[in-house]
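Everything numeric here is computed off the predicted structure, so don't read it as measured data.
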Amino acid sequence: MANRNLVAITDCDHDSIAVEAGVLKAAGLEAPWLQCKTEDDLIRECVGFKSVINQYAPFTEKVFENLPDLKVIVRYGVGVDNIDLKAASKHGVKVCNVPDYGMYEVADHAMALALALARKIVFNNDNVKNGIWEYQKAIPIYRLSTQTVGVIGVGRIGTAFAERAKAFGMKVLAYDEYAQKTGRTKDYMEMVGLDELLERSDIISVHCPLDGNRDLIAAAQLEKMKSSAYLINVSRGGIINEQDLFSALSNQKIAGAACDVFSPEPIAKDNPLLSLPNFLATPHIAWYSEESAIELERKVAEEAARGALDQPLLNVVNTDVGK
């Protein structure tokens, strides 16, 4: 009989947990699907569980204080912004993510946004549907193979995006102090400082984590960009200051921008960015494909099972836990 006392799913917005349930059943486990949204929900519903799978519900100092049996949190996705990592480590809770489930999808989405901006696809589509058949209205458009792309963060996803840009014949600049220090870069990447990347790039794509990078791109950085440049964010909302981005776009300081992520989410209907013709928005969908969704569900369940059964974990984010 499956053990129901070790694992729980605190919350998720998926239609089904069939994949997770199948993985856990194979490990002799069973997890209730809870609907936690607040700290109090977590404290009330997760008492006694050792390993939990989490999407949005906030794990804070208060929550950790009230869940002494909790040892592992596995989050759907890469980011762990809703979890207080310092508090988790203090209370001996290992926080895990799934860093590799949708990296090709995110890289593909960033490139799709780059192409849509550079080729002015949405602008031209809207014109044609409104009876305007004049390519001249989209001028200027530049040959991609003459362009320079700047990649901020060249981990798994940033490198996958850079590979795609390279395939289009684009010159690749990269800014990532950690990757440069550890030698985790590619020969075709020219490693530069952030200011130089901003000044030289025609297309800039953000692929760094939010932690330590909030407002990394704000008014001062936007001022350094070319007036013909495009900015893309498929990483995390908050890395680009949205108010400053609106000002730069509305004053033609840069040519355009596209974001799949916002702070907060969902983006408010009256957010002024949405009124701009040179701004594209998608609903935090970059990670998604049928295949990546199944992979994510399988991997969170496998990691949660390892946590429940005291097996080695694969992707611990707060590596200082227990130290």
Side-chain angles (χ1 to χ4, degrees), residues 6-27 29 31 33-34 36 42 46 49-59 70-85 88-89 93-110 153-161 178 184 206-211 234-237 239 260-261 265 283-321:
L6 293 177
V7 183
I9 299 174
T10 66
D11 63 302
C12 81
D13 60 8
H14 306 160
D15 293 333
S16 165
I17 58 164
V19 173
E20 296 94 320
V23 170
L24 292 171
K25 183 178 181 181
L29 301 166
W33 184 3
L34 310 175
C36 299
L42 290 170
C46 296
F49 288 106
K50 180 178 180 181
S51 179
V52 300
I53 300 171
N54 163 262
Q55 188 166 17
Y56 301 123
F59 277 91
L70 183 62
K71 300 303 176 186
V72 176
I73 301 171
V74 185
R75 192 173 181 283
Y76 284 103
V78 181
V80 291
D81 307 328
N82 61 311
I83 301 172
D84 185 334
L85 293 179
S89 296
V93 178
K94 295 179 180 179
V95 179
C96 305
N97 67 352
V98 185
D100 57 354
Y101 72 99
M103 62 181 184
Y104 298 123
E105 284 80 0
V106 178
D108 290 345
H109 198 83
V154 285
R156 292 179 179 88
I157 297 171
T159 297
F161 172 79
Y178 176 77
R184 297 179 181 179
V206 176
H207 298 281
C208 60
L210 177 60
D211 186 27
V234 293
S235 185
R236 279 291 180 270
I239 296 173
D260 183 58
V261 289
E265 291 182 352
H284 204 142
I285 196 176
W287 67 275
Y288 179 79
S289 70
E290 291 295 308
E291 294 82 0
S292 66
I294 292 172
E295 184 178 354
L296 174 61
E297 292 161 1
R298 173 177 60 81
K299 287 185 173 180
V300 293
E302 289 172 347
E303 189 83 323
R306 285 189 286 268
L309 300 174
D310 296 319
Q311 297 171 354
L313 297 164
L314 298 185
N315 296 297
V316 179
V317 177
N318 56 333
T319 54
D320 60 339
V321 65

Where is the tightest heavy-atom contact between Ser51 and Ala304, given as atom of each residue plus distance?
OG-O, 2.9 Å
Output all residues satisfying side-chain contact (heavy atoms from CB on, under 4.5 Å) with Asp310, sequence neighbours left out; order by chain, then residue number.
Lys50
Under 3.5 Å, which donor-acceptor pairs do the side chains of residues 95-106 form with other protein atoms, sequence neighbours left out?
| from | atom 1 | to | atom 2 | distance (Å) |
| --- | --- | --- | --- | --- |
| Asn97 | ND2 | Val78 | O | 2.9 |
| Asp100 | OD1 | Lys299 | NZ | 3.2 |
| Asp100 | OD2 | Lys299 | NZ | 3.4 |
| Glu105 | OE2 | Ser289 | OG | 2.6 |

Would you say Asn318 and Val316 make side-chain contact, with heavy atoms under 4.5 Å?
yes
Residues which pass salt bridge (Lys or Arg N to Asp or Glu O under 4.0 Å) with Arg75, listed by chain and number, not counting sequence neighbours
none
Are the side chains of Tyr76 and Ile9 in contact, using a 4.5 Å heavy-atom criterion?
yes
Separation between CG of Leu314 and CZ of Arg306, rounded to the nearest 0.5 Å:
4.0 Å
Could you work out, with side-chain hydrogen bond (donor to acceptor under 3.5 Å, both in side chains) as the rule, every residue matching Tyr288, not counting sequence neighbours?
Glu290
Quick one: list whatever passes salt bridge (Lys or Arg N to Asp or Glu O under 4.0 Å) with Asp108, sequence neighbours left out.
Arg164
Spell out, as yes or no, whether a donor-acceptor pair under 3.5 Å connects the side chain of Ser292 to the backbone of Trp287.
yes
Between CD1 of Ile73 and CD1 of Ile53, what distance do you get to the nearest 0.5 Å?
12.0 Å
Which residues pass the salt bridge (Lys or Arg N to Asp or Glu O under 4.0 Å) test with Arg156, sequence neighbours left out?
none
What one should report as the nearest heavy-atom pair of Leu70 and Val93 is O-CG2, 3.3 Å
Of all heavy-atom pairs linking Lys94 and Leu313, the shortest is CD-CD1, 3.6 Å
Using modelled atom types and a 3.5 Å cut-off, is there a donor and acceptor pairing between side-chain atoms of Glu265 and backbone atoms of His284?
no
By salt bridge (Lys or Arg N to Asp or Glu O under 4.0 Å) - contacts of Glu297 (at least two apart)
none
Could you tell me which non-hydrogen atom of Leu34 sits nearest to which non-hydrogen atom of Ala8, and how far apart they are?
CD1-CB, 4.1 Å
Rounded to the nearest 0.5 Å, how far apart are OG1 of Thr10 and CG of Asn54?
4.0 Å
Does Ala21 have any side-chain contact (heavy atoms from CB on, under 4.5 Å) partners at least two apart in sequence or in another chain, and if so, which?
none
By side-chain hydrogen bond (donor to acceptor under 3.5 Å, both in side chains), which residues pair with Asp84, not counting sequence neighbours?
none
side-chain contact (heavy atoms from CB on, under 4.5 Å) filter on Asp13, not counting sequence neighbours, yields Gln55, Tyr56
Asp211: what forms a side-chain contact (heavy atoms from CB on, under 4.5 Å) with it, not counting sequence neighbours?
none
How far apart are the closest heavy atoms of Ala308 and Leu29, and which atoms are they?
CB-CD1, 4.1 Å
How far does SG of Cys208 sit from CD1 of Ile239, to the nearest 0.5 angstrom?
4.0 Å
Side chain to side chain, Val234 and Phe161, heavy atoms closer than 4.5 Å:
no
Closest approach of Cys36 to Leu42 (non-hydrogen atoms, all atoms of both residues)
CB-CD2, 3.7 Å
Not counting sequence neighbours, which residues clear ring pair (Phe, Tyr, Trp, His ring centres under 6.0 Å) with His109? List them please.
none
At what distance, to the nearest 0.5 angstrom, does NZ of Lys25 lie from CD of Glu20?
15.0 Å
